[in-house]
Number of protein chains: 2
Amino acid sequence: MDFYDVIRTRRSIRSYRSDPISEEVLNRVMDAARIAPSGSNRQPWKFIIVKDESLRQRLASICGGQNFIAEPPVAVVACGYDIHRNRGGYMGEMSILVDVSIAFTHLIQAARAEGLGTCWIGAFDNNQVKELLNIPENFYVVAVTPLGYPREEKFREPGERKNLEEIVSTDKF
Amino acid sequence: MDFYDVIRTRRSIRSYRSDPISEEVLNRVMDAARIAPSGSNRQPWKFIIVKDESLRQRLASICGGQNFIAEPPVAVVACGYDIHRNRGGYMGEMSILVDVSIAFTHLIQAARAEGLGTCWIGAFDNNQVKELLNIPENFYVVAVTPLGYPREEKFREPGERKNLEEIVSTDKF
């Protein structure tokens, strides 16, 4: 799919079919995250593909009871690590948020290119997700998404965006 | 350009020609950032297109003296705001890092689709960049990139990445 079509037609999907995702498709989506750039090419990320139904139900519960998270056959949890070993730079220990966000953006976009739906979830208790999936102490959970085929076929209008004039300036703020 | 081609052929470019960028192309690149998703569709971002040569030189100096930043005719500075007004959620005041990173990823990719080079810079002193460009107190500078046509025509091999097996697991970490 054309790049601009991917970013123009991606939507947050909150209703899914239970149809399985082939390993081939799932691998292409994960590989898009894998090849993402990161600061100093550290790749400080790990992705957990949650297929077990009971785990997906508990994950949805931790994510504020957004039950659609457990509808499709897969959820993906992205976390980052090594937050104290980076070399300084601009945002100190928070640079993993940037790195993992880049990779997760790749994943979300690749899913769209494959006809799959996602919904970037940021509202969860970090420690509860870590406990559920045996994520080590030095990791930080950055994002969660359901991954599956959207129930609705029809194209929804995108959420409203600010105009370019509101968000872009030249030379000075 | 096909989505997968964009992410597979994007490179960090550290040598640029001084050729101008048409307003049409620049607008498409900025529009890719504009339509990016963000938590609760807040769009907590602002992008400064730095064209003035003296400002670009000083920006390069602030970014650790990476002089290639000032080679092409444009640099883009991305910042985010409202860090204290978000509704809670997972990473509290740092959620703007995630939002701005998503939009900046769109920008980097759109540049690639347009044949432009970029290099995501994260090493700079936030306050110095804010002072240079009159960025208000409540904004946080997240990323900087030069934007222009790469000097080298030939395709460089990508940086080495971990294997999928190293970064993906199923159901548990």
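We name chains A, B, ... by the order of the sequence lines, and we start the count at 1 in each one. Predicted, not measured: the structure shown is a model, and the values here were computed from it. Computed over heavy atoms, backbone and side chain alike; hydrogens, waters and symmetry mates excluded.
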Taking every non-hydrogen pair under 4.5 Å, which of A:Ile35, A:Asn27, A:Val6 racks up the most with chain B? A:Ile35

What part of A:Asp31 is in contact with chain B, defined as an atom under 4.5 angstrom from a non-hydrogen atom: side chain, backbone, both or neither? both

Answer whether the closest heavy-atom distance between the side chains of B:Val74 and B:Arg56 falls below 4.5 Å. no

What parts of residues 12-24 of chain B touch chain A if we use heavy atoms and a cut-off under 4.5 Å? none

Under 4.5 Å to a heavy atom of chain B? For A:Leu55 that would be side chain

Which bit of A:Ala110 is near chain B, if near means a heavy-atom gap under 4.5 Å: side chain, backbone, both or neither? both

Please rank A:Val76, A:Asn163, A:Asp52 by heavy-atom pairs under 4.5 Å with chain B and give me the top one. A:Asp52

Indicate yes or no for a side-chain donor-acceptor contact from B:Lys130 to the backbone of B:Val141 under 3.5 Å, with no hydrogens or angles considered. no

Checking an interface table here. Which of residues 63-70 of chain B come within a heavy-atom distance under 4.5 Å of chain A? none

If you count heavy-atom pairs under 4.5 Å between each of B:Leu59, B:Val168, B:Val50 and chain A, which one has the most? B:Val168

Please look at A:Met1 and chain B and tell me whether the side chain, the backbone, both or neither of the residue comes under 4.5 angstrom of a heavy atom of that chain. backbone

Taking the side chain as C-beta and beyond, is there a heavy-atom pair between A:Asp2 and B:Phe3 under 4.5 Å? no

Decide yes or no for A:Ile62 and A:Glu131: does some side-chain heavy atom of the first lie under 4.5 Å from some side-chain heavy atom of the second? no

Is A:Leu132 close to chain B through its backbone or its side chain, or both, or neither, when contacts mean heavy atoms under 4.5 Å? backbone

Taking side-chain hydrogen bond (donor to acceptor under 3.5 Å, both in side chains) as the definition, give me every residue that meets it alongside B:Thr9, ordered by chain and number, with sequence neighbours left out. B:Arg112

Is the shortest side-chain heavy-atom distance between A:Val100 and A:Tyr140 below 4.5 Å? no

Assign the ring pair A:Phe47 / A:Phe104 to parallel, tilted or perpendicular, where the plane angle (0 to 90°) is split at 30° and 60°. parallel

If you tally heavy-atom pairs under 4.5 Å against chain B, which of A:Val129, A:Val77, A:Thr105, A:Ile167 wins? A:Ile167

Heavy atoms, side chains only, cut-off 4.5 Å: are A:Pro158 and A:Arg11 in contact? yes

Side chain proximity check, B:Ile48 to A:Lys172, heavy atoms < 4.5 angstrom: no

Within 45 degrees of the ring normal and closer than 6.0 Å to the centroid, is that where the cationic atom of A:Lys46 sits relative to B:Phe173? yes

Most contacts with chain A, counted as non-hydrogen pairs under 4.5 angstrom, among B:Ser38, B:Pro136, B:Ala32, B:Gly39: B:Pro136

Full working for side-chain contact (heavy atoms from CB on, under 4.5 Å) between B:Leu26 and B:Leu116: CA-CA 10 Å; B:Leu26 187 56; B:Leu116 290 163; over 6 Å; no

For the interface with chain B, which of A:Asp5, A:Ile108, A:Ile7, A:Ile135 has the highest count of heavy-atom pairs at distances below 4.5 Å? A:Ile7

For A:Glu114, give me all partners under side-chain hydrogen bond (donor to acceptor under 3.5 Å, both in side chains), at least two apart in sequence or on another chain. A:Arg28, B:Tyr4

What part of B:Pro37 gets within 4.5 angstrom of chain A, counting heavy atoms only: side chain, backbone, both, or neither? both

Under 4.5 Å between any side-chain heavy atoms of A:Ser101 and B:Leu97, yes or no? no

Per-residue tally against chain A (heavy atom, under 4.5 Å) across B:Ala36, B:Ala33, B:Ala75, B:Gly159 peaks at B:Ala36

Between the side chains of A:Asn41 and B:Arg161, does any donor sit under 3.5 Å from an acceptor? yes

Do the side chains of B:Leu107 and B:Thr145 get nearer than 4.5 Å, heavy atoms only? yes

Run A:Gln109 and B:Gln109 through side-chain contact (heavy atoms from CB on, under 4.5 Å) and show every step you take. CA-CA 11 Å; A:Gln109 294 170 329; B:Gln109 294 170 329; 2.8 Å; yes

